[in-house]
Colleague: 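The structure's right below; bear with me while I get my questions together.
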Amino acid sequence: MNATMQKQQARLQAPKAAAHPRVQSVRAPARRSVVPRAAAVEAPTQVSQETVDKCVNAIRFLAIDAVNKAKSGHPGLPMGAAPMSYVLFNEAMNYNPKNPAWANRDRFVLSAGHGSMLQYSLMHLVGYDSVSMEDIKSFRQWNSRTPGHPENFLTTGVEVTTGPLGQGICNAVGLAAAEAHLAARFNKPDAKVIDHYTYCILGDGCMMEGISNEACSLAGHWGLGKLIALYDDNNISIDGHTEISFTEDVAARFEALGWHVQHVKDGNTDFDALRKAVDTAKSVTDKPSLIKVSTLIGYGSPNKADTHDVHGAPLGPDETAATRDNLKWPYGEFEVPQEVYDTMRSSVARGAAAEEEWNAAFAAYKSKYPKEAEELEGLLSNKLPAGWENALPSYTPEDKGLATRQYSQIMLNALAPVLPGLIGGSADLAPSNLTLMKMFGDFQKGSYEERNLRFGVREHGMGAICNGIALHNSGLLPYCATFYIFTDYMRSAMRMSALSEVGVVYVMTHDSIGLGEDGPTHQPVEHLASFRAMPNMNMIRPCGGNETAGAYKVAVASRKRPTTIALSRQGMPNLPGCSVEGVEKGAYVVHGGEGKPDCIIIGTGSELPMAVDAAKKLEADGKKVRVVSMPCWELFAEQSAEYKESVLPKDVTARVAVEAATSFGWERYIGQSGKFVGIDDFGASAPADILYEKFGITVDAVVAAAKAQM
């Protein structure tokens, strides 16, 4: 170690002013004899420290070389976090690289997703088929399986997509909650068929993001003892040392959140301390665990370690050569000694043996508990039960009209008995969102088997936790709810649902100025347009009971696409012609479908009855009017050209759209000459009927807009 590295190491080991007196400091224990992995984390006796160091340096230099070749990336985190990740992947974790979908595997999340080469290096070295050396060399390139941030839909074995800081630790909370739920439902005193850990590496940036505090607060409340987070405490962010903006005592905060906290003071070389910390964390069953691991970012780089220069830029050839000399790594670019492969790919045999042992245990469980095994197998298949959609109720025009949030409650409770994976809740708005499943209790510490989740006022964390539950890939179907306006708090998590291809159901009530007196702070205006602009997101705004049933049919069936359902506070009638099948097509004719119309009126949600009433007034004046319900633009866009023409014939240019929201985007369907009746301003505080009148969203306004074109 040169003089620069010695100075950096001294800074790392110096006590910090903010150190919390109750935080346990982990010191290296005397080496013990090998015991089974489930009992303790140990370096295998046949692996010398010299070999361990080679494995760790192989992780580092694959990252260094890949970032250099790509001319972009983040080498600093992989260089600093290599020791802790080696302990996880080669000693602590239970997984099978040759079957990344094994149900009882431990889950790993790299919340600090910018350090993705850490994960790719590990996956390659331990034997995942999805990350070859060619993939490593193609880091950040077109069609690569090693993108700039980990993506679950591109790289088999990556559990969750991370990148926006803080999202990953929240996903990890969701993964751990899924494990706790399934274990409580299916384990027996003599049989544990669901029994695995969720590990997460996160950094200072994740700790700064508010979303992480939301989810970690819930994890502490829930007591998720199978969640182990390793905090890469390297004191560097893009702007420089964290002392310029982030000086809180993170360990004390997590203790206050109800976590078990330890501190490994030397995360660069003290492997026994790392092992003991993980071992201790696993022994704490009633709390999630945070292991603060103090490291040097860019460890081994003589001139860039412990600086922001190594955070997000290649080392370059000169500093790479100096780092090779400093760490005594005589191997060339992308060269991995066979000794490292032999050591790290021992995980293949260990994983296969662990999976085989689990399969035998599950066979015995199935013999003894056939009913539970059948239900669990059904969930793990990720297939929906046959005929589940038959549970959705249907309505006639004679049925009393309700608010669509009330119909949503009916749908959730109709689906609860037939969808064993349905689980979810609200951000402290269950009485308003109407999202409780009445046949189940609350998921809480001591009652993990229940299926109502109480998220508290934590919208952003709620969305990311639901992503984690879905990405557990065990058949759980999460939904979450709040007022539609508060999607502003959780939009990043919703975007990650869409990007990650997970079918979370977002139940969003109070969808327009129709919520009334709460005023413009609570009245969504631009939100429909915003989510219609988001790729791979179903944005559905139903009218009445049948369209709400259709929205749920689409949402549940869409396992690789999330669905946002915008629901009303105010009631509306069940219109003739509204149907589940129509919702599945995105848009369809509900009135005046015979022959060529003089005008087409398009409506959604609570304004669809207004469109029908306007059509009837125009028909009384001798006009032929077609009314189209368009609950979901995305589904309509996917229909054939012939179907779209049958609904919206091109030669009918007199068109009106009515929706209590912004006009943005509607020119796609009404053309440049069409008219829009809606609101392109913020709302106001008043009763709903007054607001509709004052903002000009009325039947007469729709009639006038139509007449202006005929």
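Atom set for the values below is all heavy atoms of this structure, side chains included, hydrogens, waters and symmetry mates excluded. Numbers here simply count residues along the sequence, with the first being 1. Since we're looking at a predicted model, the values are computed, not measured.
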Colleague: Anything under 30° is parallel, anything over 60° is perpendicular, the rest tilted; go ahead and classify Phe443 against Tyr448.
Modeller: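 Tilted: the ring planes of Phe443 and Tyr448 meet at 30° to 60°.
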Colleague: Got a sec, which residues hit ring-ring contact (aromatic ring centres under 6.0 Å, His included) with Phe636, two or more places apart in sequence or on another chain?
Modeller: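 Phe636: ring-ring contact (aromatic ring centres under 6.0 Å, His included) contacts with Tyr669.
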Colleague: Where do Tyr588 and Cys578 come nearest, in terms of heavy atoms and distance?
Modeller: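 Closest pair (atom of Tyr588, atom of Cys578, distance): OH-CA, 3.2 Å.
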Colleague: Pairs in or reaching into residues 384-393: which pass salt bridge (Lys or Arg N to Asp or Glu O under 4.0 Å), with residues at least two apart or in two chains?
Modeller: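 For residues 384-393: none.
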Colleague: Compute the ring centroids of Tyr484 and His510, then answer whether they are less than 6.0 Å apart.
Modeller: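 Not under 6.0 Å, so no.
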Colleague: Answer yes when Arg532 and Glu634 have at least one side-chain N-carboxylate O distance shorter than 4.0 Å, and no when they do not.
Modeller: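 No, no charged N to carboxylate O under 4.0 Å.
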Colleague: Can you give me the closest heavy-atom contact between Thr487 and His527, atom names plus distance?
Modeller: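 The answer is OG1-CD2, 3.4 Å.
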Colleague: Tell me whether the guanidinium CZ or amine NZ of Arg491 lies under 6.0 angstrom from the six-membered ring centre of Phe531 and within 45° of its axis.
Modeller: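 Judged by the rule (NZ or CZ under 6.0 Å from the ring centre, within 45° of its axis), Arg491 counts as positioned above Phe531.
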Colleague: Give a yes or no on whether the backbone of Ser497 and the side-chain of Ser500 come within a donor-acceptor separation of less than 3.5 Å.
Modeller: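 Checked: no pair found.
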Colleague: Salt-bridge test for Lys596 and Asp651: reply yes if a basic N is under 4.0 Å from a carboxylate O, no otherwise.
Modeller: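 Yes, charged N to carboxylate O under 4.0 Å.
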Colleague: Using every non-hydrogen atom in the two residues, find where Ile194 and Glu179 come nearest and quote the distance to one decimal.
Modeller: O-OE2, 3.6 Å
Colleague: Does Arg451 offer a backbone N or O that forms a donor-acceptor pair with the side chain of Asp442 under 3.5 Å?
Modeller: no
Colleague: State plainly whether the residues Glu638 and Arg561 are in salt-bridge range, i.e. N to O under 4.0 Å.
Modeller: yes
Colleague: Taking the six-membered ring for Trp, are Tyr506 and Tyr479 closer than 6.0 Å centroid to centroid?
Modeller: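 Ring-ring flag for Tyr506/Tyr479: false, centres at least 6.0 Å apart.
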Colleague: Output a table of donor-acceptor pairs, distance under 3.5 Å, between side-chain atoms of residues 597-608 and any protein atom two or more places apart or on a different chain; print 'none' if there are none.
Modeller:
| from | atom 1 | to | atom 2 | distance (Å) |
| --- | --- | --- | --- | --- |
| Asp598 | OD2 | Lys624 | N | 2.8 |
| Thr604 | OG1 | Arg541 | NH1 | 2.9 |
| Thr604 | OG1 | Glu659 | OE2 | 2.7 |
| Ser606 | OG | Arg541 | NH2 | 3.1 |
| Ser606 | OG | Gln570 | NE2 | 3.4 |
| Glu607 | OE1 | Arg541 | NH1 | 2.6 |
| Glu607 | OE1 | Arg541 | NH2 | 3.0 |
| Glu607 | OE1 | Ala660 | N | 2.9 |
| Glu607 | OE2 | Tyr692 | OH | 2.7 |

Colleague: Would a 4.5 Å heavy-atom cut-off, applied to side chains only, mark Thr662 and Ile679 as touching?
Modeller: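 Not in contact.
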Colleague: Closest heavy-atom contact between Gly475 and Asn382?
Modeller: N-OD1, 3.1 Å
Colleague: How long is the straight-line distance from CG of Asp621 back to NZ of Lys616, given to the nearest 0.5 Å?
Modeller: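 One gets 15.0 Å once the value is rounded to the nearest 0.5 Å.
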Colleague: Side chains of Ile423 and Leu453, heavy atoms from C-beta outward: is any pair under 4.5 Å?
Modeller: yes
Colleague: For side-chain hydrogen bond (donor to acceptor under 3.5 Å, both in side chains), just list the numbers for Glu209 and His460, CA-CA rounded to whole Å, side-chain angles, deciding distance to a tenth of an Å, and then say yes or no.
Modeller: CA-CA 11 Å; Glu209 288 286 358; His460 200 182; over 6 Å; no
